[in-house]
Amino acid sequence: GHPHPVWRMTSRVPALPRAVVVHVDLDAFYCQVEVGRDPSLQGQPIAVVQYNPFGDLRTILPSEPRIFNDSNGSLIAVSYEARAFGVKRNMRGDEARRQCPELQLVQVPTANGKADLTIYREAGAQVIDILARGGVCERASIDEAYLDVTEEALRRARRDHGRPVLPLNPEQCRVYGPDGVAGCEAWFSTPDWAWSDADELLAHGAAVVAELRHVVQTELGYSCSAGIAHNKLLAKLCSGLHKPQQQTILPESAVQRLLDPLMIAKLRSLGGKLGQQVAQVLGIETVGQLRAVPETRLRTLFGPETGPWLHRMARGQSSDRVQQRTLPKSLGCGKTFRAQNAIRTLQDVQYWLQQIARELAERIGSDRERNQRVPQTMGVGLSSHGDHVSRSCAMPGLSVESIASAGLALVRRWVAERAEWTVTDLYLSACNFRSIAACPSIATFFQSAAGEGGQGTQGLAPPDPRPDSP
DNA sequence: ACGGATAGCACC
DNA sequence: TGGTGCTAT
Ligand SMILES: Nc1ccn([C@H]2C[C@H](O)[C@@H](COP(=O)(O)OP(=O)(O)OP(=O)(O)O)O2)c(=O)n1
Ligand SMILES: [Mg+2]
C-alpha cells in the first residue's frame, strides 16, 4: 500500500498550527532565594559562594546567619547589582570584593560534611509548579523550564478572533521585530488584518507567559526572564537576550537576523568541544556562516546524524518536543576532595559514603512522600587519577545503611581490580523511578497519566511532528 | 590551594 | 543493563 495516507499530501488539509514554545529562566536564582530568606539583602550587591575554608566539615543550617564576607570560595551566583560592578560567576571571594567592596557573600548551607542545595531545589520546584499551570512543562534545570503553551494560545486566538491583546506588564516585553529589538507596543498594535497566524499565536503565548511570570513574582517573589518562539532552541536563545525580568518574542521573520551574526557556541549543545570543532574545521565563527555550508559537506565532515542536525540548527530548526516532566529523573549527591584531602583508605571511603548516603536517603524519602515514587537503581561514582568510573546495582533498600553498604560493596569490587588508587570525587545517585501511587480508579489514572507521564494534547496530536520552522 | 554540585542524554 | 563522555546550570 501507499506509505502515507493520501490526505496528508493534499492541500485541502489546513496546516497544523506552529507550536508556541517558551523557555523560562530565573534571574540570579540562588541570589534571589537568599534575598527571599533575608529581605535585608534586597537591592544590595550579593553573591552566593560555595566551599568553606574548613572543607565543609561544619554544618551551616539554612536558618543560621550565612553571610561571611571574608569567604574565599568561588561564586556560583551573582546578583545583578553585583554584576554592575564587574563581579562574575567563578570569581573567588577576594577578587570579587576588590571589584565591589560592599558585596555581601552568602555561603551555601552545609550538612553531612558537604554543601546542601536543598533550599534552592525546593525553591526551583515551587517555580516549576506555577509554570506547569500554563501548559506542558519540562524541568530543564534547577531554575529553568520549557513550556509548550500552544493549546492555551489557540484557545485565546479562537476566543478573541485572532487579535492579540497587550500582555500584562508590557514594559517587560520585547519583540525581535523588523527594526531590531523593540518594545512590544508597536508589534501588538499591528492591525487585525495584518497578523500572520504564527505571529498571532506567539503574541497570545506571550500574554500567557507574562501572566505566569507575574504569578511567580507575586506568589514567590522571584523575577525571571523568558523567550517565546516556535521551538526549544530559539526559545532558549531568546530567554537570555534581555535579562533580567524581561521576556522576548522571536517572530519567524526575525530568526535569520538573530542567528546570522551569532557565535556558533551560543547555540545550545554547541557550547563545548563539538562547537569548537565545527568552527575550527570549517574555519568559521557565526551561525550565518554555518548556514552557508552545504548539508552534504556537513554530512561528510560530521557524520550522517550530526551533519544534518547542524544544518537544521543553523536555520533555527529543532524538532525535540517539550516533554511533560516536572520532576528530575535522578537524584544524586557527592563531594570532591582536593588533592591533599583525597581518600586513600577503604575506611575513609566508608565514612564518606555514609555521609553522602545520609543526604541521599533523606532526599529519596521526601521525594517518595511528595511524588509517590521510589528509585529502582542506585549507583556510585568516583574519580581516581583523573579518570571517572561508575558502578550501579538494584536499589537494596531506602535506608542510609542499605544505600551506604551497597555503595561500599560496589567500590570494593572496583578497588579489587586495582593496585593503587586515590579517590578525589565520590558520589551516590538513585534513578529509575517507579510510581507507588495507590491503586487508582480508571478516571483518576487517566488524570494522573496526563499530569505525570503523558503528553497532554501534544501526545494526542497526529503522529507527524508539529512544524517548528518552515 | 580550590573548578563544586547536580542533572540529562547520546553513544557503545 | 551497565558504563563512559559530553553538555549544561
Ligand atoms: N555552573 C553553575 C551554573 C549555575 N549554578 C546554579 C546557580 C544559579 O543561580 C543557578 C541558575 O543558573 P543560571 O545559569 O541560570 O544563572 P543565574 O540564574 O544565577 O543567573 P541568570 O540571571 O544569568 O540566569 O544554578 C551552579 O551552581 N553552577
Ligand atoms: Mg537563571
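Since this is a predicted model, take the numbers as computed values, not measurements. Chain A is the first sequence line, chain B the second, and so forth, proteins listed ahead of strands; every chain is numbered from 1.
- Bracketed by its first and final contacts, the part of DNA chain C lying under 4.0 Å from non-hydrogen atoms of chain A reaches from C:dG2 to C:dT9 in 5' to 3' order.
- Classification of A:R133 and A:E219 as a salt-bridged pair holds, one side-chain N sitting under 4.0 Å from a carboxylate O.
- Shown are A:Y222, A:Y30, A:F29; of these, the ring-ring contact (aromatic ring centres under 6.0 Å, His included) with A:Y120 is made only by A:Y30.
- For A:D70 and A:R97, the salt-bridge test fails: no basic side-chain N is under 4.0 Å from an acidic carboxylate O.
- The OH atom of A:Y30 sits 10 Å away from the C1' atom of B:dG4 (whole-angstrom rounding).
- Whole-Å rounding puts the A:Q50 CD to B:dG3 P distance at 13 Å.
- By the 4.0 Å N-to-carboxylate-O rule, A:R83 lies too far from A:D27 to be salt-bridged with it.
- Every pair passing ring pair (Phe, Tyr, Trp, His ring centres under 6.0 Å) that includes a residue from residues 357-401 of chain A is listed here, sequence neighbours excluded: A:H388-A:Y427.
- Under the rule for a ring-ring contact (aromatic ring centres under 6.0 Å, His included), the partners of A:F337 that lie at least two apart in sequence or sit in another chain are A:W352.
- The residue A:D143 sits close only to the backbone: its heavy atoms come under 4.0 Å of sugar-phosphate atoms, none of a base.
- Distance A:H388 NE2 to B:dG4 C1': 14 Å, rounded to the nearest Å.
- Between the C1' atom of B:dG4 and the CG atom of A:N341 lies a distance of 14 Å, rounded to the nearest Å.
- Listed by chain and number, the residues in a ring-ring contact (aromatic ring centres under 6.0 Å, His included) with A:H214 amount to none (sequence neighbours excluded).
- Nucleotide B:dA5 holds its P atom 7 Å from the CG atom of A:D425, rounded to whole Å.
- Counting non-hydrogen atoms under 4.0 angstrom, A:V389 reaches the backbone sugars and phosphates but no base.
- Nucleic acid contact class of A:Q340 (heavy atoms, under 4.0 Å, all strands): none.
- Two residues are said to be in side-chain contact when any heavy atoms from C-beta on lie closer than 4.5 Å; A:V136 and A:E138 fail this criterion.
- Separating the CE atom of A:M91 from the P atom of B:dG3 is a distance of 14 Å, rounded to the nearest angstrom.
- For A:Y176, the ring-ring contact (aromatic ring centres under 6.0 Å, His included) test picks out no residue, with sequence neighbours left out.
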B/S/- contact track for nucleotides 6-12 of chain B, protein heavy atom under 4.0 Å: SSSS---

